[in-house]
Amino acid sequence: MATLEIENLHAKVAEDEGEVILRGVDLEVSSGEIHALMGPNGSGKSTLAKVVAGHPAYEVTDGDVRLHLDEEEFEGVDIDDDQRTWDLLDLEPNERAALGIFLGFQYPAEIEGVTMVNFLRTALNAKLEEREELFEGEDDEEEEEEEAGYDTSPMEGNVEEGEVGVAEFQQLLQGKMELLDMDERFAQRYLNAGFSGGEKKQNEVLQAAILEPSIAVLDEIDSGLDIDRLQDVSKGINALRDEVGTGILQITHYQRILDYVEPDYVHVMLDGKVVKEGDASLAEELEDKGYEWVREETYETA
């Protein structure tokens with residue numbers, strides 16, 4: 001089990017006199033839970049996602065982001081007592097990913113010339129290698145190999161390169177695509193190139209299924225989806241929770257995805273803070289009444 005703990009988090013745009021966006025966020029997400037983070041435009045939801053992942057465009061000015069792991073969180077990895085709590089703000093984005101943090105982008109990038117299958121295998125092997133270094137350290141032989149560089153590009157899918165070989169990965173990928181009810185030909189296309197908006201979002205879920213994160217932050221993954229693709233993406237999110245045990249932080253403006261991905265908790269952000277929390281019924285109330293009543297209630301109480 002893993003728990004992402006966000007405490008009194010303040011952040012601003014990383015430039016001189018940059019705009020302050022997060023103003024004391026408190027939030028906790030554990031493995032196997034689905035949390036919906038809702039709020040109007042400009043409330044800080046996407047900024048929170050990027051800060052958790054380590055995006056360099058933002059500077060944290062106060063607060064903590066910690067990841068708590070139990071001793072059996074990662075198969076085949078012995079986690080000592082002093083390695084069970086990590087301050088994510090001290091780590092690079094790749095290190096956070098190795099520890100099980102995943103960010104699903106609102107606007108995924110298109111990369112011509114790199115097939116999905118090679119990208120996904122490279123990402124998985126990079127995560128496993130980085131995780132080993134974090135928990136076990138890097139020996140001298142590995143450092144020498146790294147300095148020498150690759151004989152071939154990692155994107156070319158050398159059969160012997162990386163912990164997960166090509167044949168093993170193909171089997172893994174096939175299983176995940178069947179789980180998500182995806183056409184296998186999808187994996188042979190270039191990464192997001194020529195994809196529809198719905199296909200890009202489905203690909204984000206596939207990436208998470210391959211990487212098996214402890215905590216997945218999905219930034220408006222429902223935006224721009226028609227009803228069929230929304231159901232496909234929702235099926236994948238539910239599978240992440242049910243089959244992998246991933247904790248989900250689902251950022252959304254609308255209640256409609258929550259008809260298919262029922263949250264255990266709903267949080268409302270306003271002006272850079274989480275100001276209200278509840279169960280799935282809170283999302284229905286927001287859909288019916290909007291956010292203004294939350295604002296009035298919040299500032300009347302203050």
Side-chain angles (χ1 to χ4, degrees), residues 1-7 9 25-38 45 48-54 64-91 93-105 120 123-124 127-128 130-132 134-135 172 175-176 179-180 204-219 221-222 233-252 257-258 260-267 274 277-280 283:
M1 179 175 177
T3 297
L4 175 67
E5 178 190 10
I6 302 169
E7 182 179 7
L9 185 63
V25 177
D26 294 298
L27 190 63
E28 192 171 292
V29 181
S30 294
S31 299
E33 298 176 347
I34 294 181
H35 293 244
L37 182 62
M38 305 182 71
K45 304 184 300 300
L48 176 63
K50 292 173 182 176
V51 168
V52 168
D64 296 287
V65 182
R66 305 184 190 92
L67 184 66
H68 305 282
L69 306 170
D70 69 23
E71 60 183 337
E72 298 179 349
E73 179 62 24
F74 305 126
E75 183 178 353
V77 177
D78 295 324
I79 302 179
D80 296 333
D81 289 346
D82 62 352
Q83 295 177 314
R84 293 186 190 171
T85 295
W86 296 78
D87 185 347
L88 296 187
L89 299 181
D90 289 340
L91 301 177
N94 57 303
E95 295 173 317
R96 302 182 197 197
L99 289 172
I101 299 297
F102 176 86
L103 173 60
F105 290 99
L120 290 171
L124 177 59
K127 183 199 74 170
L128 295 174
E130 186 70 54
R131 180 178 294 168
E132 183 178 357
L134 284 170
F135 286 101
L172 171 65
K176 296 298 186 181
L179 179 66
L180 302 178
E204 293 294 287
V205 177
L206 175 61
Q207 290 180 46
I210 292 292
L211 296 174
E212 296 190 345
S214 301
I215 305 293
V217 182
L218 305 178
D219 188 9
I221 203 164
D222 55 330
V233 168
S234 298
K235 179 180 178 181
I237 296 171
N238 285 323
L240 273 178
R241 190 267 309 273
D242 299 336
E243 304 294 332
V244 179
T246 298
I248 307 291
L249 179 58
Q250 170 66 56
I251 297 172
T252 183
I257 192 173
L258 305 182
Y260 304 101
V261 182
E262 183 174 355
D264 301 297
Y265 307 94
V266 176
H267 314 268
V274 175
E277 298 174 312
D279 58 18

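Computed from a predicted structure; not experimentally measured.
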>> Donor-acceptor pair, distance only, cut-off 3.5 Å: does the side chain of Arg96 make one with the backbone of Ile101?
In response: no
> Could you give the distance from OG1 (Thr252) to CG (Asp222), rounded to the nearest 0.5 Å?
Replying inline: 3.5 Å
> What do the steps show when you test Ile221 against Ile257 for side-chain contact (heavy atoms from CB on, under 4.5 Å), and what is the final call?
Replying inline: CA-CA 9 Å; Ile221 203 164; Ile257 192 173; 4.1 Å; yes
> For Val274 and Asp26, what are the C-alpha separation, side-chain angles and deciding distance, and is it a side-chain contact (heavy atoms from CB on, under 4.5 Å)?
Replying inline: CA-CA 7 Å; Val274 175; Asp26 294 298; over 6 Å; no
> Is any side-chain heavy atom of Thr85 less than 4.5 Å from a side-chain heavy atom of Glu5?
Replying inline: no
> Does any non-hydrogen side-chain atom of Leu172 lie less than 4.5 Å from one of Leu124?
Replying inline: yes
>> Tell me if the CG atom of Asp80 is crowded by more than 12 foreign heavy atoms within 6.0 Å.
In response: yes
>> How close do Asp87 and Val65 get, counting heavy atoms only, and between which atoms?
In response: OD1-O, 3.5 Å
>> Show the nearest heavy-atom pair for residues Ile215 and Ala2, with the distance to one decimal.
In response: CD1-O, 4.2 Å
> Rounded to the nearest 0.5 Å, how far apart are CG of Leu249 and CZ of Phe102?
Replying inline: 13.0 Å
>> Show the nearest heavy-atom pair for residues Asp264 and Gly32, with the distance to one decimal.
In response: OD2-O, 4.2 Å
> Should we say atom CZ of Phe74 is surrounded by more than 12 heavy atoms from elsewhere, each under 6.0 Å from it?
Replying inline: yes
> After noting the C-alpha distance and the side-chain angles of Ile34 and Glu262, does the key distance pass the side-chain contact (heavy atoms from CB on, under 4.5 Å) rule?
Replying inline: CA-CA 7 Å; Ile34 294 181; Glu262 183 174 355; over 6 Å; no
>> Does Gln83 have more than 12 heavy atoms from other residues, nucleotides or ligands lying within 6.0 Å of its CD?
In response: yes
>> To the nearest 0.5 Å, what is the distance between CD on Glu71 and CG on Asp78?
In response: 9.0 Å
>> Could you go through Leu88 and Leu99, starting from their C-alpha distance and side-chain angles, then the distance that decides it, and tell me whether this counts as side-chain contact (heavy atoms from CB on, under 4.5 Å)?
In response: CA-CA 9 Å; Leu88 296 187; Leu99 289 172; 4.3 Å; yes
> Can any side-chain N or O of Glu95 pair as donor or acceptor with the backbone N or O of Glu130 at less than 3.5 Å?
Replying inline: no
Result block: side-chain N/O donor-acceptor pairs under 3.5 angstrom for residues 233-243, not counting sequence neighbours:
from	atom 1	to	atom 2	distance (Å)
Ser234	OG	Leu230	O	2.7
Asn238	ND2	Ser234	O	3.3
Asn238	ND2	Tyr260	O	2.9

> What distance do His68 atom NE2 and Ser31 atom OG have between them, rounded to the nearest 0.5 Å?
Replying inline: 12.0 Å
> Name the one of Asp219, Val266, Ile251 that satisfies side chain to side chain contact (heavy atoms under 4.5 Å, CB included) with Leu37?
Replying inline: Ile251
> If every non-hydrogen atom of Glu33 is compared with every non-hydrogen atom of Glu28, which pair is closest and at what distance?
Replying inline: OE1-O, 4.5 Å
> How far does CG of Leu89 sit from CG of Leu9, to the nearest 0.5 angstrom?
Replying inline: 6.5 Å
> In Å, rounded to the nearest 0.5 Å, how long is the span from CG of Leu48 to CD1 of Ile6?
Replying inline: 4.5 Å
> Where is the tightest heavy-atom contact between Thr246 and Pro213, given as atom of each residue plus distance?
Replying inline: OG1-O, 2.7 Å
>> Show the nearest heavy-atom pair for residues Gly54 and Pro93, with the distance to one decimal.
In response: O-CG, 3.4 Å
>> Test of understanding: with side chain to side chain contact (heavy atoms under 4.5 Å, CB included), list the residues that count as partners of Asp70, not counting sequence neighbours.
In response: Met1, Glu72, Glu73
> Parallel, tilted or perpendicular for Trp86 and Phe135, by the 30°/60° rule?
Replying inline: perpendicular
> Given the rule in the salt bridge (Lys or Arg N to Asp or Glu O under 4.0 Å) test, do Glu212 and Lys127 qualify, once you have shown the distances and angles that lead to the verdict?
Replying inline: CA-CA 10 Å; Glu212 296 190 345; Lys127 183 199 74 170; over 6 Å; no
